[in-house]
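Right, one structure below, let's go through it.
Just so we're on the same page: letters track the sequence lines, and every chain starts at 1. Quick note: numbers below take in every heavy atom, side chains included, and nothing from hydrogens, waters or symmetry partners. Keep in mind the model is a prediction, meaning the values are calculated, not measured.
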Amino acid sequence: MDLERDLNPAQRQAVLTTEGPVLVIAGAGSGKTRTIVYRLARLVAGGVDPASILLLTFTRKAAQEMLSRAGLLLAMGPDGVSGVSGGTFHAFAFATLRRYHAAAGYPDGFTVLDQADSEDVLGQAKDKLGIGKGDRSFPRRSAILGLLSKARNKEMAVADVLSREAFHLLPYADAIGQLGEAYTAFKTDHNLLDYDDLLFRLEQTLLGNPDLADYLRVRHRYIMVDEYQDTNRVQARLTRLLAPASGNVMAVGDDAQSIYAFRGATVDNILDFPDLYPGTTVVKLEQNYRSTQPILTLTNAILANAGRKFEKHLFTTREDGPVPELMRPFSDLTQAAMVAAKVRELSRTYPLHEIAVLFRAGYQSYALEVELGKTGIPFQKFGGLKFSDAAHVKDVLSYLRLVRNTADFPAWSRVLAFVPGIGPKTATKIFEAIQAGDRGVLGKMAARTAEFKTLIEFLDTLRGLPPVPAALLERVVEAYAPLLAEKFPDDYPRRQAGLDQLQQIAAAYHDLDAFLADLVIENPGEDRKKTREDHVVLSTVHSSKGLEWSAVLLIDLVDERFPSRHALSRPEDLEEERRLLYVACTRAREYLALFAPETVYQRTTGGCSPALPSIFLRELPPGPLKERRERLGGSSSGTFAAGCAPPRAAAGSASMSGSPRPGAGPRPAPAGAPGNGAGPANGSARALGYCRHKIFGRGKIIATLDGGKYRVNFPDFGPKVILADYLELEDAS
DNA sequence: GCGCCCTTTTTTTTT
DNA sequence: AAAAGGGCGC
């Protein structure tokens with residue numbers, strides 16, 4: 001470890017200031033991780049006990065990587081520095097609550113609910129109260145949960161959240177509030193904690209137990225919090241509560257990369273840090289070591305249009321490199337082919353795992369996934385579905401959860417669903433009987449169905465065994481195998497492989513609670529995936545945070561997709577989308593391409609409609625991007641879908657066809673005025689009548705389209721667009 | 001009460 | 001394109 005040689009002056013200052021509060025403003029690619037690693041290593045080398053360091057990061061993987069790199073610096077062997085408490089706020093909260101549950105006056109053996117579990121609990125409350133019954137427009141459980149969680153994380157009233165960003169749901173404000181209360185009560189009664197509870201309950205616990213808080217403050221002489229710009233208000237308060245008596249707190253972050261405001265993160269935390277911790281040393285890391293100058297020129301230009309920001313002057317010594325490209329595929333479908341071709345071309349220069357395709361939302365990669373599959377390019381996707389979200393994994397884990405907490409409703413409902421004759425209603429009844437200790441009902445059920453008796457006996461057997469995760473899991477998987485084939489006839493071998501993987505993960509744990517909670521909070525299945533070599537990476541921008549690749553392709557850069565159409569109405573949301581784009585572009589080391597299809601597929605009309613390049617691209621001055629249009633005779637000719645004519649042939653609507661490069665000429669139409677979307681109602685919901693087709697049979701007309709075409713829903717064939725000539729219309733009666 | 005079929009509705013990002 | 005709700009037969 002040679003601080004003079006390995007670090008620049010600002011980094012060195014951050015590393016050497018080990019006493020007292022420190023705030024590090026770290027621009028993208030400015031060696032933030034290196035700085036934390038060196039600081040860790042220096043602390044340990046200086047004789048600080050690793051057990052007295054607390055390292056809070058955004059993912060467990062980030063913490064592990066830092067510890068392992070610090071270990072390498074200190075030549076401590078492959079495990080790196082051990083004994084440091086580290087991980088996410090949520091994981092730390094779980095570990096602390098579990099460890100000191102007795103002191104805090106809470107029962108042991110609580111269950112941590114993931115999103116799907118929480119939805120089950122909410123659904124239970126909804127059914128019980130009969131709220132929203134029969135109302136098709138009543139918000140989905142996931143939507144309600146999202147609102148409740150948002151209100152909680154932003155520490156606002158539910159009604160305020162609704163009026164700020166979901167005014168169409170205002171009529172449901174009371175119902176949602178009631179559901180929220182029932183949901184909370186249910187969790188308390190049954191010893192269940194959701195993600196938000198972990199943080200808030202830790203705070204309550206520390207406030208209610210000054211001795212415990214004091215103990216933790218003495219124990220952790222050094223705290224480092226990474227990605228501080230993405231902490232929310234409770235997390236900032238937790239940091240303050242945990243801040244060691246020694247005052248050695250370091251926060252690291254970059255306001256320009258704050259992308260979690262939707263769940264309550266606030267950059268105010270960074271701003272307020274120096275006030276909250278008097279005597280704070282503020283260090284700015286401004287030299288970028290990741291990207292070439294042409295990429296930085298683009299990212300600086302993106303940020304230049306930001307409304308509110310803290311001036312930073314990112315610079316690099318890597319002057320040379322290709323100018324980022326703006327690709328203009330004909331449509332989002334040809335975009336997939338173009339991206340695949342580009343990946344293939346890049347793979348001659350870079351290994352596949354050095355290439356990433358990034359997008360705003362998980363669904364945007366579907367077409368590309370198909371295309372990559374066709375062309376045989378292996379890929380790994382991050383963001384979207386998680387390993388532990390898979391139904392078979394949840395099924396198996398439910399048995400283990402019931403070993404620790406018999407009041408775990410979501411687990412019971414999964415497990416009971418396997419017993420023939422037991423559906424949601426009966427399952428609820430049984431659950432309530434178990435809660436009430438009503439052995440009569442259980443006896444009757446057992447007498448009636450043998451499977452139920454077997455299940456109860458099986459659970460009792462499990463509960464009687466020592467709580468070793470791997471051993472218990474083996475029993476469960478063995479018992480579950482026949483159910484697996486029955487429930488998933490198409491793909492149970494693949495799922496079995498997933499369960500084998502789960503067993504491997506379980507083998508690394510000796511504690512059942514930690515195993516179960518980690519799957520929910522940390523998703524170790526994901527780590528395993530991350531190590532795959534020679535796979536192109538597909539990732540949401542959010543999941544790409546903190547990572548970098550030699551080549552980055554960013555797709556669907558058109559209004560309503562990036563920025564997301566949900567973000568168009570409120571300026572703060574739009575600003576967050578801009579930072580998101582900034583994060584995405586700063587992931588690239590050498591090559592960066594942005595794809596803005598000229599038309600996109602629209603589910604609502606079933607066709608393609610012209611798309612405007614993202615507002616963030618239209619705002620750019622000429623220069624930082626080099627535009628390339630897809631050529632009619634080019635590599636992807638013939639791949640665009642029927643009905644998606646090349647834009648020249650398409651009607652001259654508000655597309656870019658007039659100006660050669662965004663921003664080069666006079667400004668195109670202002671944002672928020674897309675040519676479609678708010679158009680005349682096309683009557684998507686109501687039937688316009690019925691008709692008959694020679695092949696598809698009778699169908700319902702859902703919409704009248706231009707060119708004498710109808711959109712018809714055929715019961716056996718799904719929705720189709722058909723010329724009126726081929727249809728026999730029925731009289732509307 | 002359960003399970004199947006049909007219809008309607010909605011689709012951001014994550015711990 | 002998938003999920004959730006309602007209707008209906010068993």
Against the side chain of A/T540, the closest entry in C/dG5, B/dT14, B/dT12 is B/dT14
Extract from the structure each pairing of a protein N or O with an N or O of nucleotides 2-5 of chain B at less than 3.5 Å, listing the distance.
unit_1	atom_1	unit_2	atom_2	d
B/dC2	OP1	A/G423	N	2.7
B/dC2	OP1	A/T426	N	3.3
B/dC2	OP1	A/T426	OG1	2.1
B/dC2	OP2	A/K425	N	3.3

Under the rule of Watson-Crick or G-U wobble with both distances under 3.5 Å, where | means paired to another strand and [ ] a crossing pair, DNA chain B maps to ||||||||||.....
Between A/S564 and A/N153, the residue closer to the 5' end of DNA chain B by nearest nucleotide is A/S564
Could you tell me whether the side-chain ring of A/F262 sits stacked on the base of B/dT13, using a centroid cut-off under 5.5 Å and a plane angle under 30°?
yes
**Request:** Before accepting this row, confirm whether a basic side-chain N of the pair A/E575/A/R578 lies closer than 4.0 Å to the acidic partner's carboxylate O.
**Result:** yes
In whole angstroms, the gap separating P of B/dT13 from CD of A/E577 amounts to 11 Å
Among B/dG1, B/dT15, B/dT13, the one nearest any side-chain atom of A/R360 is B/dT13
When the ring planes of A/F58 and A/Y260 are compared, do they come out parallel, tilted or perpendicular, using 30° and 60° as the limits? tilted
- Using a cut-off of strictly less than 4.0 Å, decide whether A/T59 has a side-chain nitrogen or oxygen near OP1 or OP2 of B/dT15. no
Would A/H542 count as stacking on B/dT14 if stacking means ring centres less than 5.5 angstrom apart and planes tilted under 30 degrees?
no
| Hey, are the side chains of A/M445 and A/I422 touching, using non-hydrogen atoms and a 4.5 Å cut-off? | yes
Within residues 140-152 of chain A, the residues having a heavy atom closer than 4.0 Å to DNA chain C are A/R140, A/R141
Whole-Å distance, A/R561 CZ to B/dT11 P, equals 16 Å
